[in-house]
There are 2 protein chains.
Amino acid sequence: MPRPTIQDVARAAGVSKSTVSRVLNGVEDYVDANTRRQVEKAIAELEYRPNALARSLITKRSLAVGLLISDVANAFYHPVIHGVEQIAIEAGYDTFLCNTNYEVERGLHFIRSLMSKNVDGVLIMSSSVSDEWIAELARHNVPTVALDWKPNISEGPLGVIAVDFAAGIQQAVEHLVNLGHCRFVHVAGPLNLPTSLLRYEAFLRALAWHDIPAADVALLEGNLQFEGGQRVLTRLLELSPRPTAVFAANDLTALGLISGARERGLRIPDDLSVVGLDDIALADQSSPPLTTIRLPKLEIGRSAMQMLLTLMHSDGAACPVHEALVKSSFVERQSTAAPRS
Amino acid sequence: MPRPTIQDVARAAGVSKSTVSRVLNGVEDYVDANTRRQVEKAIAELEYRPNALARSLITKRSLAVGLLISDVANAFYHPVIHGVEQIAIEAGYDTFLCNTNYEVERGLHFIRSLMSKNVDGVLIMSSSVSDEWIAELARHNVPTVALDWKPNISEGPLGVIAVDFAAGIQQAVEHLVNLGHCRFVHVAGPLNLPTSLLRYEAFLRALAWHDIPAADVALLEGNLQFEGGQRVLTRLLELSPRPTAVFAANDLTALGLISGARERGLRIPDDLSVVGLDDIALADQSSPPLTTIRLPKLEIGRSAMQMLLTLMHSDGAACPVHEALVKSSFVERQSTAAPRS
DNA sequence: TTGTATGCGTTATCAC
DNA sequence: GTGATAACGCATACAA
């Protein structure tokens, strides 16, 4: 037996489809109390549920949004996802979670799939935003909010959650310099991502402020993942002179570095100070607990979804690109100490 | 400008909708090579993408499946999700990932939402499967595969991935007994879940095999989460006589126990041996690395999706409930040792 | 207050 | 090979 349709309900209640439709969406549309009860009874008995496809085919809205992230296994996204879902559920929206797996191609596939399913908006919380994604969405006028993306468009249903890394990085650098460090490395994310360079430059600026020249800071490329950190440690050890402090583009990389260091018998923080970025849950459970720069992850998720709601509801009005700024802050734990030498 | 429809393409190519539809789904349906190129050109120029809603409204298939899990933040699910997506993508299916947040109500909401979106099947990889969910899906004939669920129905488009905990638990118990332990605790998941009792009973049976009476093994209730493990440690310490070894229902709980123990100055494994279950990625990065029982997580995801494909394609044929068994195995690391006393 | 008719964007069943 | 035309399940303008 196939699922009952609105027609079946109408028959069972002895009314027409439109009447059923009215009690279904019944806001202000007056329908007689008696017939309403008839219809509700029929709905309950048949366990009727409206077909969301048919409905959104005609209303042009699906009460659903897409949420793209790079990797569910990356703990950074967990509070973000949670924050998004909090607001979404409150507002009656379903969220489709899509794992891009750090692949541009995969993300594009999801975006097309989401659009073909008429989602009302898309959240791109992936650290590896592709301009191509945004372009595709903008061209089709789909409300979109992206995390940490430099808008090169100034108009449309677009929003950006910008992260002010500078503040936290400043404090971290001050901390390291005060400890007496003077040879640094930055292990960046993939260098083709704009955000990778932004973090690196903020690091350089903060160091310059303390009269440390760019020449004293090496740059290595990681992949924002744990095993990337492990791997890159080998190359870090080949650096000469050996750096005493490393700033990783994210906590996962930092934890990978620590793990790799331990395997080689190095002691953290005595032989190497490590600073991460994100402050994922793991950061203070690791050993040693990770000194890091905290991003307000739950808030990022919440305000992104909030902003998306605004965009979706300000239907069509040609608005400028929305922007929100969230701040970072420094968290001192035990993966940093004065250099030994 | 709204998204172009099949009609727009037809006009642009100077043909009818039907022809466009043919090249779209073009299997072996003969369409003149010339007109085909005309149509493809128009499609490319308009960047036309078929509306998945309208399509599945008539085909009754959406090429999408729902994937319910308890919590994206629980690392156990990451390889499972990955495995599901591997097979799904291969087969051309999209997956909708839904976070039940360990709440029955939320899961039910998702299931209804998925059904109303005409998903072709549902995967319930949540550790807290509700019979109500399965009933709802079965009643509407939606192909479903559940993890670790005791079927009380014998027919329908249903599949079960059963986990053989016994083997791994046996080995773990043997390991502990050989070390000289004789006073045990089990920190279970929520006791209203059937799977919680199954693990507990398997533990008791394995101990009985070594002539350890049920009286010597205490039972505490956790919640399968890290902080639950931390919390329950307090109650563990109040036990008298103090147990020397604890078997946790999952790794998260075990890691929470270890974290709680460390806070109170206990040393693991000297003061307390801890065995987990799952073997999540974190397990061998923790300190000390966690002795645990490994579940083949990727395989669980892969075979679940594989089974779902089978169910979805064996359309309507009244088949018995499919069942697959995956095995557990013991992994010795460093959170277990001989008791001190 | 309720019913009828039309259309959303597809695929499917016919004719041609 | 190709083009009308009828569904699919629903919402909605309009008529009653």
Side-chain angles (χ1 to χ4, degrees), chain A residues 1-40 42-43 46-64 112-113 115-120 140, chain B residues 1-40 42-43 46-64 112-113 115-120 140:
Chain A
M1 53 253 80
R3 298 234 313 274
T5 78
I6 198 172
Q7 188 60 270
D8 300 324
V9 177
R11 239 192 309 272
V15 296
S16 79
K17 293 193 302 178
S18 2
T19 303
V20 178
S21 179
R22 283 190 191 96
V23 343
L24 242 43
N25 311 321
V27 206
E28 39 180 333
D29 221 330
Y30 286 168
V31 36
D32 185 84
N34 268 332
T35 55
R36 154 162 276 139
R37 260 187 294 110
Q38 297 291 329
V39 171
E40 278 165 350
I43 290 181
L46 295 177
E47 289 193 57
Y48 166 75
R49 319 245 180 259
N51 181 322
L53 270 50
R55 174 177 281 178
S56 65
L57 187 56
I58 177 162
T59 60
K60 304 292 189 194
R61 329 184 343 173
S62 57
L63 287 179
R112 293 205 221 280
S113 167
M115 291 199 311
S116 86
K117 294 196 167 71
N118 274 19
V119 291
D120 300 328
H140 295 280
Chain B
M1 37 14 308
R3 296 232 314 274
T5 77
I6 198 172
Q7 188 61 271
D8 300 325
V9 176
R11 239 190 311 271
V15 297
S16 77
K17 296 192 301 180
S18 329
T19 304
V20 178
S21 179
R22 282 194 191 93
V23 342
L24 241 44
N25 311 321
V27 207
E28 273 319 298
D29 221 329
Y30 286 167
V31 36
D32 187 85
N34 269 331
T35 53
R36 152 161 278 136
R37 259 187 294 109
Q38 296 292 330
V39 172
E40 276 164 352
I43 288 180
L46 296 178
E47 289 193 56
Y48 165 75
R49 318 246 180 258
N51 182 320
L53 270 49
R55 175 176 280 178
S56 63
L57 186 58
I58 180 159
T59 61
K60 306 291 188 190
R61 326 184 337 151
S62 57
L63 288 179
R112 294 205 221 278
S113 166
M115 291 200 312
S116 86
K117 295 195 168 69
N118 274 18
V119 291
D120 299 328
H140 294 279

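Order of the sequence lines fixes the chain letters, A, B, ..., with proteins taken first and strands second; residue numbering starts at 1 for each chain.
Counting only heavy atoms from C-beta outward, the side chains of B:R3 and A:N118 approach each other to under 4.5 Å.
Each end of the helix from C:dT1-D:dA16 to C:dC16-D:dG1 gets its own rotation axis from five pairs of C1' atoms, and the angle between them is 40° to the nearest 10 degrees.
Where B:K60 and B:V31 each meet DNA chain D at their nearest nucleotide, the meeting point lying more 5' is that of B:V31.
The residue A:S56 sits apart from the nucleic acid: no heavy atom pair falls under 4.0 Å. Residue contacts shown for B:R49 are limited to sugar-phosphate atoms, with no base heavy atom under 4.0 Å away. Within the 4.0 angstrom heavy-atom criterion, base atoms lie near A:S21.
Partners of B:R112 by side chain to side chain contact (heavy atoms under 4.5 Å, CB included), not counting sequence neighbours, listed by chain and number: A:R49, B:L108, B:E136.
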Check nucleotides 3-6 of chain D for protein N or O atoms closer than 3.5 Å to its own N or O atoms and list the pairs.
unit_1 : atom_1 : unit_2 : atom_2 : d
D:dG3  : OP2    : B:S16  : N      : 3.1
D:dG3  : OP2    : B:S16  : OG     : 3.2
D:dG3  : OP2    : B:T19  : OG1    : 2.4
D:dG3  : O6     : B:R22  : NH2    : 2.6
D:dA4  : N7     : B:S18  : OG     : 3.3
D:dA4  : N6     : B:S18  : OG     : 2.7

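Across B:D120 and B:K60, no two heavy atoms sit closer than the pair OD1-O, 4.1 Å. The nearest pair of heavy atoms linking B:V31 to B:T19 is CG2-CG2, 4.4 Å. Heavy atoms only, all atoms of each residue included: A:S16 and A:A10 are closest at C-CB, 3.7 Å. Closest of all the heavy-atom pairs between B:S62 and B:V119 is OG-CA, 3.3 Å. Summarising the geometry of A:L46 relative to A:P4, their closest heavy-atom pair is O-CG, 3.5 Å, with the distance given to 0.1 Å.
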